[in-house]
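Everything below concerns the one structure shown next.
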There are 2 protein chains.
Amino acid sequence: MSVPGATRIAYTPERLLAVAVEVFNLRGYDGTSMEDLARATGITKSSIYHHVRSKEELLRLAVSRALDRIFAVLDQPAARTGRAIDRLEHVVRASARVLVDELPYVTLLLRVRGNTATEQWALERRREFDRVVATLVARAVADGDLDDTVEPRLATRLLFGMLNSAVEWYEPARADATADLGAAVWRLASAGLRRRPAGS
Amino acid sequence: MSVPGATRIAYTPERLLAVAVEVFNLRGYDGTSMEDLARATGITKSSIYHHVRSKEELLRLAVSRALDRIFAVLDQPAARTGRAIDRLEHVVRASARVLVDELPYVTLLLRVRGNTATEQWALERRREFDRVVATLVARAVADGDLDDTVEPRLATRLLFGMLNSAVEWYEPARADATADLGAAVWRLASAGLRRRPAGS
DNA sequence: CTACCTACCGTCCGAACGTTCGGTCGTTTA
DNA sequence: TAAACGACCGAACGTTCGGACGGTAGGTAG
């Protein structure tokens, strides 16, 4: 932690995690060996075990981080008060911001398959998030703001399927038309792609 | 395992593949051992090698099947002639049908990460499909059928992100509101979820 | 100087991995 | 009836896996 100019940069669990998550996303968690991590970090396998207890702990730290940020969205004032449709819009836009800001961690979270206890816990929390959003959609339908032929659970899945697909193609480096992912998703989901016949 | 009265049902590569793909989707390809497959098939590891050359061959057979069906969509007449917007609608609906009909194979295809040569080839073919669809979207914009603020590549990714997310939640057994996945996806993508102010 | 700490390394372990091999057994063919 | 075949098995192969262990270099504190 001391900063004596040009000495070796020591690993913290945080920095180690960042490297590990990149490799996990490249090769898949199961497809990544501790040797792969050693190569990517520049330290040996045994040194990694100085910082973390196990390979699975790295996974747990990563998905916890992603889940914490995502659930924090639901606690924001704009997600808790006001008209359901506006709360929904806020959740979509804020989730998109989390996805972009924490891209590697969210990516890993969305690829979890349920092999270990950690992964099953992650899946359960994701389902919980979906349930909350589906409730929001249902209220927006009841309010008359969403088409009443919309099935809330289906709409939620398509909406977040669209948003979450970004982990497969979003490139933070490129400052292209996808500057605001949340805006693009919300626009498509609420108004559709089709050209409006007349004004507005 | 054999019951005295009944004749033994022998495995074909096809039947073996069906079982293997189910397990791959449950545990992930890298997370599945040949022992896992042996347990799931009821024959031994060595017997599996009587039918297929390697574990990777099972993956190749599976993703080939999915890719063949998906690319067949682009060759259908309705995808090759007519107004771009109608061709696009057909591609979405027909892709949805393929996704549902070949759910396990498409699921596996969409989870491929590029670890082996087989996987990289699968990724490249998927990109090719996306390119064709993006061209279709661009033409529909040029025709004035899609909003001209729509960025073709982004729209394509969101559209198919939405559709492809179905592999994570679609249950063929349940005959619920998602009877026609393609219709639901196309409806959301073209018109959006929002309630229209007045008639139509 | 000594004692101690943190970050790291080299070496090793048992288990599990994908794959191979020699062989068995019931059915089909000649 | 004898030969051939297809489907399968048990045991083992060399390799790689996640992880353990005993060290050591260098900074800091007394």
Side-chain angles (χ1 to χ4, degrees), chain A residues 1-24 26-63 108 112-113 115-119, chain B residues 1-24 26-63 108 112-113 115-119:
Chain A
M1 283 303 151
S2 53
V3 193
T7 37
R8 197 216 309 259
I9 303 146
Y11 269 106
T12 62
E14 263 69 13
R15 250 191 60 66
L16 179 62
L17 182 63
V19 177
V21 169
E22 292 292 340
V23 183
F24 286 161
L26 204 66
R27 300 231 200 293
Y29 174 74
D30 285 316
T32 302
S33 71
M34 294 304 279
E35 271 299 333
D36 289 333
L37 294 187
R39 216 171 297 123
T41 53
I43 61 177
T44 61
K45 257 201 308 179
S46 28
S47 299
I48 294 174
Y49 283 93
H50 175 70
H51 299 286
V52 295
R53 248 182 262 284
S54 66
K55 184 186 178 188
E56 193 178 345
E57 180 171 271
L58 285 167
L59 181 64
R60 203 181 62 241
L61 288 170
V63 301
L108 191 58
V112 147
R113 300 257 55 88
N115 273 347
T116 66
T118 297
E119 298 186 37
Chain B
M1 281 298 157
S2 57
V3 183
T7 35
R8 169 149 44 189
I9 304 145
Y11 269 106
T12 63
E14 264 70 14
R15 250 188 57 67
L16 180 63
L17 181 63
V19 177
V21 169
E22 292 292 340
V23 183
F24 285 161
L26 203 66
R27 301 228 201 293
Y29 175 73
D30 286 316
T32 302
S33 70
M34 294 305 277
E35 270 300 333
D36 290 334
L37 293 187
R39 219 171 295 124
T41 52
I43 61 177
T44 61
K45 267 201 296 181
S46 32
S47 299
I48 294 174
Y49 282 91
H50 177 69
H51 300 285
V52 294
R53 247 182 262 283
S54 65
K55 185 187 176 188
E56 192 177 347
E57 181 172 86
L58 284 167
L59 181 64
R60 203 182 63 240
L61 289 170
V63 300
L108 190 58
V112 146
R113 300 256 56 88
N115 273 347
T116 66
T118 297
E119 299 186 37

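Naming convention: chains lettered A, B, ... in sequence-line order (proteins, then strands); numbering from 1 in each chain.
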Once each nucleotide of nucleotides 10-17 of chain C is scored for protein heavy atoms under 4.0 Å, what B/S/- sequence comes out, 5' to 3'? B------S
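In this structure a side-chain-to-backbone donor-acceptor pair under 3.5 Å is missing from A/Tyr29 to A/Val21.
If you take CD1 of B/Ile48 and C1' of D/dG10, they are 15 Å apart, rounded to a whole angstrom. Here the P atom of nucleotide C/dA7 and the CZ atom of A/Arg15 are 13 Å apart, to the nearest Å. Between B/His50 atom NE2 and C/dG22 atom C1' the separation is 15 Å, expressed in whole Å. The nearest whole Å value for the distance from the CG atom in A/Asp30 to the C1' atom in D/dG18 is 12 Å. Here the P atom of nucleotide D/dC17 and the CG atom of A/Leu37 are 11 Å apart, to the nearest Å.
Position along DNA chain D of the nearest nucleotide to B/Ile43 versus A/Glu56 favours B/Ile43 as the more 5'-ward residue.
Every residue meeting the salt bridge (charged side-chain N to carboxylate O under 4.0 Å, His left out) condition with A/Arg39, not counting sequence neighbours, appears here in chain and number order: A/Asp36.
If one axis is set at each end of the helix from C/dC1-D/dG30 to C/dA30-D/dT1 from five pairs, those axes are 10° apart, to 10°.
Contact check for A/Met34 versus A/Lys55: side-chain heavy atoms found under the 4.5 Å cut-off. Within the 4.5 Å cutoff, the side chain of A/Val19 has no heavy atoms near those of the A/Glu22 side chain.
In this structure, OH on A/Tyr49 lies 7.0 Å from OG on A/Ser54, to the nearest 0.5 angstrom. Annotation: the span from B/Ile48 atom CD1 to B/Leu37 atom CG amounts to 5.0 Å, rounded to 0.5 Å.
With distances taken from any side-chain atom of B/His51 to the nucleotides C/dC8, D/dA7, D/dC9, the minimum falls on D/dA7.
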